[in-house]
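From a predicted model like this one, the values you see are computed outputs, not experimental measurements.
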Amino acid sequence: METDMDKDKEIGKEGKMVFDEKHESGEKERTYEKNSESEEIFAEWADALHLEYDPEEARRRAEKAAGPVTPPPAPIPNPVQNPAPAPYPFNQQPPMPPASDFNNQEPMPDTYLVWSVLATVLCCLIPGIVAIVYSTMVSSKYYAKDYDGARRASEKAQYWIIASVVLGVITAAVYLPLSLFA
């Protein structure tokens, strides 16, 4: 049974491979040296695609494209080849800081965050925002062990809350009578 390519293969005495193709224009015979199986496969593909194939020319082009042979690059050293051992085995916990550190800590000052938010919403906007900023600074300074800074931030937050409430009351006292007469 004939295939779509309609060709026969024969190997001659000299180690040559002969492909007989039948084309619409007539029969052609091509001869290729059989040096390796890959050349045989390339020759079959060339014949199937109706292309000319010269193994010597293909070899020259492949050598030209490959360029000079260079040695492979040296392997990149892995910086994590010998990782440091874990500081504590899995069945142990890290040591706790001395109890004296907890005894010497001052109590955290009030943050007044809820009051500063209420003063911002209900009274006066600008001083209320400043009060919120100082209220949030209290806890960050305290946990950074800046106890004096946390205390000062707490006092400033309290002052700005008072300023916001006072300005809110003054604004309402001035605005309400003027709005009644207008």
Side-chain angles (χ1 to χ4, degrees), residues 1-102 104-105 108 111-114 116-118 120-121 125-126 128-147 149-150 153 157:
M1 180 174 220
E2 293 185 55
T3 61
D4 292 338
M5 291 183 241
D6 196 19
K7 59 185 173 184
D8 298 324
K9 298 181 211 174
E10 297 176 13
I11 299 178
K13 293 178 184 173
E14 299 94 28
K16 306 258 181 183
M17 183 173 283
V18 179
F19 291 92
D20 292 329
E21 294 183 346
K22 296 179 183 174
H23 295 284
E24 297 164 3
S25 61
E27 291 187 17
K28 285 186 177 178
E29 185 175 303
R30 295 183 185 158
T31 305
Y32 301 102
E33 281 188 35
K34 182 182 175 187
N35 292 332
S36 68
E37 287 187 26
S38 62
E39 286 183 9
E40 180 182 332
I41 294 170
F42 289 140
E44 288 179 21
W45 273 101
D47 286 335
L49 297 171
H50 307 294
L51 299 172
E52 297 292 327
Y53 175 72
D54 182 18
E56 290 299 321
E57 178 67 24
R59 192 175 299 114
R60 272 186 262 126
R61 286 185 182 184
E63 288 172 0
K64 184 179 178 183
V69 177
T70 58
I76 299 173
N78 187 357
V80 191
Q81 287 179 354
N82 296 325
Y88 304 105
F90 291 110
N91 59 354
Q92 292 181 359
Q93 292 183 354
M96 294 295 291
S100 60
D101 287 349
F102 293 117
N104 292 339
Q105 273 188 341
M108 186 165 139
T111 60
Y112 300 111
L113 186 60
V114 174
S116 59
V117 170
L118 289 175
T120 303
V121 173
L125 185 68
I126 304 290
I129 291 174
V130 176
I132 290 174
V133 170
Y134 279 114
S135 295
T136 56
M137 288 172 59
V138 171
S139 60
S140 62
K141 287 182 183 264
Y142 178 78
Y143 290 119
K145 297 190 179 191
D146 181 12
Y147 303 122

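Taking both residues in full, the closest heavy atoms of Leu113 and Ser116 are given as O-OG, 2.8 Å, listed atom of the first, atom of the second, then distance. Summarising the geometry of Ala153 relative to Tyr134, their closest heavy-atom pair is O-CB, 3.7 Å, with the distance given to 0.1 Å.
In this structure the side chain of Thr111 never reaches within 4.5 angstrom of the side chain of Thr136, judged on heavy atoms.
Applying the 6.0 Å contact sphere to CZ of Arg60 captures more than 12 heavy atoms from other residues, nucleotides or ligands.
Interatomic distance, Met137 CE to Ile132 CD1, rounded to the nearest 0.5 Å: 14.0 Å.
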